[in-house]
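For reference, the structure discussed in these notes is given below.
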Amino acid sequence: MSNPSGGTTSKSKAGGSQPSESSNKRKRGVFQKELQHMMYGFGDDPNPLPESVALMEDIVVEYVTDLVHKAQEIGSKRGRLSVDDFLYLIRKDFPKLNRCRELLSMNEELKQARRAFETDEEKLRKAFETDEEKMRKAFEADEDKVGSTE
């Protein structure tokens, strides 16, 4: 069946508005395992259909991409992007906002614990080096005493 007007068909018009596969540069299936587990956690089958997982991935990636672009617009007014830009965008979604604050708080606690651990580790290393130096000097002094008596 040919198109008598010589123009484009409705199929090609609809396809033209969607980004082509070649222009879509992201890798598909990157979040497949994580999304399968999340879907199962929310009541789906332990092994959901690949099409369902792909659809969920498209939705999640689109949401995150839009959120990042909006945050960039907000951050560009100040000249930099910050966590507060994202918190501002989700301020009306209380469950998401509370979860983000909880995760940021836990992240800060982990940073402090790592810093404390590194400090403690540094102190232990210095103490060990000092003890090791003392033992070496004592051993050398003992060798000198033994060597001078012979």
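This structure is a prediction, so every number in the text was calculated from the model and none was measured.
- Both Leu67 and Phe31 belong to a single network of hydrophobic side chains, linked directly or stepwise wherever heavy atoms of I, L, V, M, F, W or Y lie under 4.5 Å apart.
- In this structure, Ile59 shares a hydrophobic cluster with Leu55, the cluster being traced through Ile, Leu, Val, Met, Phe, Trp and Tyr side chains under 4.5 angstrom apart.
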Output a table of donor-acceptor pairs, distance under 3.5 Å, between side-chain atoms of residues 91-100 and any protein atom two or more places apart or on a different chain; print 'none' if there are none.
residue: Arg91; atom: NH1; partner: Tyr88; partner atom: O; Å: 2.6
residue: Asp93; atom: OD2; partner: Lys96; partner atom: NZ; Å: 3.0
residue: Lys96; atom: NZ; partner: Tyr63; partner atom: OH; Å: 3.1
residue: Asn98; atom: ND2; partner: Phe94; partner atom: O; Å: 3.2

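- For the atom pair CZ of Arg101 and CD1 of Ile90, the computed distance is 8.5 Å after rounding to the nearest 0.5 Å.
- Under the 4.5 Å side-chain heavy-atom criterion for ILVMFWY residues, a single connected hydrophobic cluster contains both Val68 and Leu104.
- Val64 is connected to Val53 through a chain of hydrophobic side-chain contacts under 4.5 Å among Ile, Leu, Val, Met, Phe, Trp and Tyr, so both are in one cluster.
- Leu35 and Val30 fall within the same hydrophobic cluster, where Ile, Leu, Val, Met, Phe, Trp and Tyr residues are linked whenever their side-chain heavy atoms come under 4.5 Å apart, directly or through other members.
- Every residue was checked against the side chain to side chain contact (heavy atoms under 4.5 Å, CB included) condition with Glu118, not counting sequence neighbours, and none meets it.
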List, one per line, each side-chain donor-acceptor pair under 3.5 Å for residues 78-87, sequence neighbours excluded.
residue: Arg78; atom: NH1; partner: Asp85; partner atom: OD1; Å: 2.9
residue: Arg78; atom: NH2; partner: Ser82; partner atom: OG; Å: 3.1
residue: Arg78; atom: NH2; partner: Asp85; partner atom: OD1; Å: 2.9
residue: Arg78; atom: NH2; partner: Asp85; partner atom: OD2; Å: 3.2
residue: Ser82; atom: OG; partner: Asp84; partner atom: N; Å: 3.3
residue: Asp85; atom: OD2; partner: Ser82; partner atom: N; Å: 2.9

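- Among residue pairs with one or both ends in residues 31-57, none qualify as side-chain hydrogen bond (donor to acceptor under 3.5 Å, both in side chains); sequence neighbours excluded.
- Sorted by first then second residue, the side-chain hydrogen bond (donor to acceptor under 3.5 Å, both in side chains) pairs that include residues 67-77, not counting sequence neighbours, number zero.
- For Met38, the CE atom is loosely surrounded, since the number of other residues' heavy atoms within 6.0 Å does not exceed 12.
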